[in-house]
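This report refers to the structure that appears directly beneath it.
Every chain is numbered from 1, with letters handed out A, B, ... down the list of sequences.
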Amino acid sequence: MSAPAPGNQPIEVFQPPLLARERARPVRVESVDRTLLQPVSGRPPLSDYLGHVWQRRHFIWADARAHVLGGTSGNLLGTAWLVINPVLDGAVYYVIFALLLRANRGIDNFLGYLIIGVFLFQFTTQCLTQGARSVVAGRQLIRSFAFPRAALPVAAVVRQTISFVPVLLVMVTLIAAIPPVEPVTWRWVLVPGALALQMMLNLGLALLAARAVSAFPDLTHLISVFTRFWLYGSAVFFSYERFIDHPVLLEVVQLNPMFIVLDITRDSLLYGVTPSAQSWRVLAAWSVALLVAGTVYFWRGEESYGSA
Amino acid sequence: MAPPNAPRSGIQVAVDDIHVRYRTPSSDSEVRRTASRPARVLNRLLGREPTVVVRALAGISLVARAGEAIGIVGLNGSGKSTLLRIIAGLEKPLRGQVLAATRPVLLGVNAALLPELTGQQNVRLGCLAMGMNPTQAADAYRDIVELAGIGTAIHHPMKTYSSGMSARLKFAIAAAANPRILLIDEALATGDAAFRERSEERMTALRADAGCVFLVSHAAKSVEETCTRAVWLHKGRLVMDGDAYTVAQKYRWWAWNLAKGEEQKASGLLDDAFRQGFDTAVRVFPTPDAIVVPRHAR
């Protein structure tokens, strides 16, 4: 198109036909002042972006709450299931491992060991799988409202965290109530620290997975394979010392962040052992690195989610 | 470069040469035949359909001014809804840009509200999604309920609503944000007469407030009645842009002939309409490099 004379009056120039049936049409030139208008799309700088996510915190909270409540709204007992489910899970483990099998597999307080492993590991896998689905599942929201898209994976993690609170209470109650009863030591105060690092880890994973899955939906299948592999590599049901004697492999297992989360929590709640500074350092490094990587990776894809 | 004369004031939205393409699976046997042999074998093994590129929008340019209500008419698949999503900034075009004075708000009939929640809870969620804080959302609630006018159904889960009722509630929520630029996708067609009147009042009020409204509709009649200007899209191209009555009349006459099977006549009408139309060229100034300095000075 050529429109030589700048100005605001409609002017007529001819352009070559674009398709065979289309004859030349007059062109009306409109001058637009860029200082008065802003582009409607585009990715803001990272610091602004984080600010926008923070501005939508009420939406994130309301969406997370609505999904938690919506998940049980068709049931007669409603939200009571958020508590009943983990209680039943715990009861199953109690009946099978403490009453029927009496199998401790060489582990002190195997029931406590197992409950901590299963409940905490489930929290992370739920955040990972729900976070991965969040952008694809929120496509209608993305197509209707303009908000920073990171609100969706964040809301998925918040939702899982809300559901995790009753699970955590059940876990602590079972450990305190079922023999062998473990004495409460000052080390119990370390547990919230480990959980905070675990939540950072979860959020980082959710953000990474959300963008990756929105680009390649096939990854959801690989994620479920990965979580199963991770489950066996994190000493959830068994003590790794009995199976692994290869030094390099042992090193790798001990660098696994989920293994460290479980190890710190078990040492603090069950065994009265102070977790080593080294394990805190490794876990913190994982959590910060994954959260930063997840945030930057998700933010860089901000414009791609609408057409997912 | 010396900037041209000051532009005519009141430009709210400038759509500058937008191109959109989708890659989509196609079960068309013609498409299947064009694929290479290994590609066909692979597709069959994986149970996939071959993909084709669909040109949803091919070079759309237009400018909307304060106080205008622009109806967008066209057949299904002509790119109407895509154009709205692009203007709303919800989707990224392949080429081109959209500039707007304020953030446009899109109101789609299939806007995502959560079916398990009651209307009341959805109102709150929708308000928060548009960026209100909880106090503003609570303040807006009464207005929204009044505009929607769905009575006690506001306390029932949204999955029990008729399509008309949820469309009314969604319109009311979007209007509550008091957007200066409102984009409406087929919402009014589903309301009853009483709601239509109320929503038209609201649209008039928005326009009087120096905003502008885009309305996508299959029903050229509702565009004729509620809009000041109409844009006719066909296969992602702009056929005509002008006074609502003229464009909508031509569109209806063409669509009527098409529906009656008078394809030759319809094709001639489309040609005529295209020739009577004009193209818009958007000149943005100052150019991005030229405004670097004033921006920093601010």
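Your options are B:Ala101, B:Ala100, B:Pro104, and the one with the most heavy-atom pairs under 4.5 Å with chain A is B:Ala100. By number of non-hydrogen pairs under 4.5 angstrom with chain A, the leading residue of B:Ala129, B:Ala14, B:Gly89 is B:Ala129.
Residues A:Ala62 and B:Arg124 share a closest heavy-atom pair of CB-NH2, 4.5 Å. Closest approach of B:Gly277 and A:Pro26 over heavy atoms only: O-CD, 3.7 Å. Smallest separation of non-hydrogen atoms from B:Ile11 and A:Ser31: CD1-O, 3.6 Å. Shown here for B:Val239 and A:Arg25, the closest heavy-atom pair between the two residues is O-NH1, 2.6 Å. The two residues B:Gln12 and A:Leu37 come nearest to each other via the heavy atoms O-CD2, 3.9 Å. When every heavy atom of B:Thr280 is checked against every heavy atom of A:Glu30, the shortest pair comes out as CG2-CG, 3.7 Å.
In this structure a side-chain-to-backbone donor-acceptor pair under 3.5 Å is missing from A:Arg28 to B:Ala281.
Within the 4.5 Å cutoff, no side-chain heavy atoms of B:Phe278 are placed close to those of A:Val27. For the pair B:Ile87 and A:Val40, the minimum side-chain heavy-atom distance is 4.5 Å or more.
For a residue to count as touching a neighbouring chain, one of its non-hydrogen atoms must lie under 4.5 Å from one of that chain's; by this rule A:Arg149 touches chain B with the side chain only.
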